[in-house]
Amino acid sequence: QPYKLKSGKGWGLRYYDENGVRRRKSPFPSKSAALEHYRNVIEPRLRGDPEPLAELTFGQFVPLYLERHAAGVRRRTIDTLRERLGHHRQLDDDEQCACATCAFGDIPLRDLERMSGEIASWQAKLPERWRHDVMQALRQTLEAAVRLGHMGGNPAKLAGRNPQPPPRPVRAYTLAELDALGAELSVRYRPLPAFAAATGLRPEEWGAAERRDVHRRERILNVRRTISSGEVVELGKTSRSRRQVPLSRRALEALDELTPRLNTPLLFPAPAGGLIDLHNFRNREWAPAVEASGVRRSARPYDLRSTFASNALAAGVSVFELARVMGTSVQMIERHYGALLDGAGADITRRIDAFDADHERDADEG
């Protein structure tokens with residue numbers, strides 16, 4: 001029951017709490033304000049409703065989300081999300097800052113929920129080279145806000161599609177280029193280009209590979225570890241992470257060139273025997289070798305993986321088999337190597353004809 005204060009300056013509220021005890025609360029500027037407080041604060045508590053969530057801005061929610069999300073993912077994933085949500089980079093004069101925190105940091109999440117149009121306009125002005133990644137991080141963060149009850153819907157999804165940028169052209173090395181690169185690397189890394197191009201391992205995977213992972217009799221290599229944020233991380237037990245990679249003749253020849261070291265089990269360790277720093281490797285080993293060998297200046301260590309995929313498809317390996325060996329999805333293979341698949345029709349026809357001929361021959365002999 002609302003009542004007017006004896007001082008005449010405002011209103012008070014009388015009510016019974018959950019134990020039947022009569023309570024008072026004041027002052028309120030008006031009778032309606034007192035009744036609104038009862039409906040929104042006291043009555044829900046008497047019903048046993050959960051406490052309302054604190055009103056957070058987008059900028060306040062981001063560190064909370066990253067802290068909670070870090071419990072179930074690698075540190076590298078959190079670092080990537082943090083970098084994309086606070087995306088400060090050197091921009092051209094006509095480019096907009098790609099930092100979601102700068103654009104929406106001071107806006108309460110409940111207000112941001114109704115700003116899908118503003119988010120769509122902001123998205124359209126982002127530099128194309130990282131638009132997808134920045135928007136993906138924003139979508140993921142706001143989806144977490146919806147799950148946690150801070151928002152009723154995800155305005156970043158309502159802003160429209162977030163198409164991926166076109167994949168980079170496939171850049172595969174020839175055998176001559178692989179040999180030229182190897183010749184310019186220091187002795188400890190000389191077999192690396194041939195080995196990586198023959199196995200399709202990611203740089204963070206061959207950097208963590210050990211001698212015990214190689215099984216020469218079965219001609220396989222077990223991929224069990226990866227480098228993440230400068231540390232070795234054991235991979236999960238799914239077919240896309242832990243997997244077996246076949247060792248071709250060229251891969252075995254590359255392994256034969258390695259000199260085993262007593263102070264490390266790693267196939268490709270750092271000079272002192274520890275875990276290789278991939279950033280330092282690119283600067284101190286790879287870039288000078290690319291320049292000295294005369295191979296194109298845009299050559300990347302990751303292109304060794306593309307070389308494996310290109311050669312495997314050319315040899316008639318199926319997309320499903322290739323995805324399994326490379327630890328990725330069929331969709332990713334089709335997205336990045338679709339141009340190579342377009343030319344596979346002739347080989348498919350040849351294999352079908354050969355199968356039909358063998359089947360007909362067996363039927364005649366039977």
Side-chain angles (χ1 to χ4, degrees), residues 1-86 99-123 134-160 162 236:
Q1 180 185 21
Y3 63 93
K4 195 169 183 64
L5 298 178
K6 291 182 179 180
S7 64
K9 297 180 180 179
W11 288 74
L13 184 67
R14 287 189 291 262
Y15 65 95
Y16 290 94
D17 66 13
E18 58 271 21
N19 298 315
V21 178
R22 193 172 188 178
R23 302 288 185 183
R24 294 173 182 265
K25 186 173 180 61
S26 64
F28 296 96
S30 63
K31 180 179 179 180
S32 60
L35 292 172
E36 184 177 2
H37 177 81
Y38 180 80
R39 287 193 299 268
N40 295 338
V41 178
I42 297 174
E43 192 174 40
R45 189 174 69 232
L46 296 179
R47 290 197 306 262
D49 294 349
E51 291 290 329
L53 295 173
E55 184 72 33
L56 297 177
T57 65
F58 177 72
Q60 292 171 330
F61 178 73
V62 167
L64 294 177
Y65 164 62
L66 294 178
E67 180 181 356
R68 295 181 182 183
H69 192 46
V73 299
R74 297 178 190 170
R75 189 176 72 185
R76 181 177 177 181
T77 301
I78 298 301
D79 291 342
T80 299
L81 272 173
R82 182 179 290 109
E83 192 270 341
R84 289 176 178 175
L85 290 168
C99 177
T101 307
C102 287
F104 308 111
D106 295 333
I107 300 175
L109 291 174
R110 292 293 182 185
D111 293 342
L112 190 60
E113 184 180 336
R114 300 186 292 272
M115 295 177 61
S116 57
E118 288 84 346
I119 292 177
S121 299
W122 176 79
Q123 175 183 2
V134 170
M135 276 301 299
Q136 188 67 22
L138 178 60
R139 283 183 167 211
Q140 182 176 339
T141 304
L142 294 183
E143 191 62 28
V146 173
R147 290 197 307 270
L148 295 173
H150 293 283
M151 307 177 77
N154 189 338
K157 286 186 175 181
L158 296 176
N162 184 32

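We count residues from 1, following the sequence as given. Note: hydrogens, waters and symmetry copies are ignored here, and every other heavy atom, side chains too, is used.
- The minimum heavy-atom distance linking Gly152 with Arg110 is given by the pair N-NH1, 3.7 Å.
- Contact record, Asp111 with Arg114: OD1-NH2, 2.9 Å, taken as the closest heavy-atom pair.
- With sequence neighbours excluded, the residues that form a side chain to side chain contact (heavy atoms under 4.5 Å, CB included) with Leu158 are Ser116.
- Taking each heavy atom of Phe61 and His150 in turn, the nearest pair found is CE1-CD2, 3.9 Å.
- For the atom pair CG (Asn162) and CD (Gln123), the distance works out to 5.5 Å, reported to the nearest 0.5 Å.
- Looking at heavy atoms from C-beta onward, Leu148 lies out of side-chain contact with Leu64 at the 4.5 angstrom threshold.
- By the 6.0 Å contact criterion, NZ on Lys4 is enclosed, its count of non-hydrogen atoms from other residues, nucleotides or ligands being greater than 12.
- At a threshold of 4.5 Å between non-hydrogen side-chain atoms, the residues Tyr65 and Glu143 do not count as touching.
- Heavy-atom minimum distance, Ile119 versus Ala159: CG2-CB, 3.9 Å.
- A donor atom on one side chain and an acceptor atom on the other are not found under 3.5 Å apart for Glu43 and Tyr15.
- One distance of note links CH2 of Trp11 with OG of Ser26; it measures 12.5 Å at 0.5 Å rounding.
- Side-chain contact between Leu142 and Leu109 is present, with heavy atoms from C-beta onward closer than 4.5 Å.
- Using a 4.5 Å cut-off on side-chain heavy atoms (C-beta onward), Glu55 and Pro108 make contact.
- Taking 4.5 Å as the limit, some side-chain heavy atom of Leu138 sits within range of a side-chain heavy atom of Phe58.
- Counting heavy atoms from C-beta on, the side chains of Phe28 and His37 come closer than 4.5 Å.
- In this structure, the side chain of Glu18 does not engage the main chain of Leu46 through any donor-acceptor pair within 3.5 Å.
- Using modelled atom types, no side-chain atom of Asp17 and backbone atom of Arg23 make a donor-acceptor pair closer than 3.5 Å.
- With Thr101 contributing its side chain and Gly59 its backbone, the two residues share no donor-acceptor pair below 3.5 Å.
- The distance from the CG atom of Leu13 to the CZ atom of Arg24 is 10.0 Å, given to the nearest 0.5 Å.
- Proximity of a side-chain donor or acceptor of Gln60 to a complementary backbone N or O of Thr57 within less than 3.5 Å is detected.
- Relative to the six-membered ring of Tyr3, Arg14 meets both conditions, a distance below 6.0 Å and an angle of at most 45° to the axis.
- Atom CG of Asp106 has 12 or fewer heavy atoms from other residues, nucleotides or ligands within 6.0 Å.
- Here the CH2-SG distance, from Trp122 to Cys99, works out to 8.0 Å after rounding to the nearest 0.5 Å.
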Stepwise salt bridge (Lys or Arg N to Asp or Glu O under 4.0 Å) check, Asp79 with Arg82: CA-CA 5 Å; Asp79 291 342; Arg82 182 179 290 109; 3.4 Å; yes
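- Taking each heavy atom of Leu112 and Ile107 in turn, the nearest pair found is N-CG2, 3.8 Å.
- Between atom CG of residue Asn154 and atom CZ of residue Arg139 there is a gap of 7.5 Å, rounded to the nearest 0.5 Å.
- Remark: Met135 CE to Gln140 CD distance equals 12.5 Å, nearest 0.5 Å.
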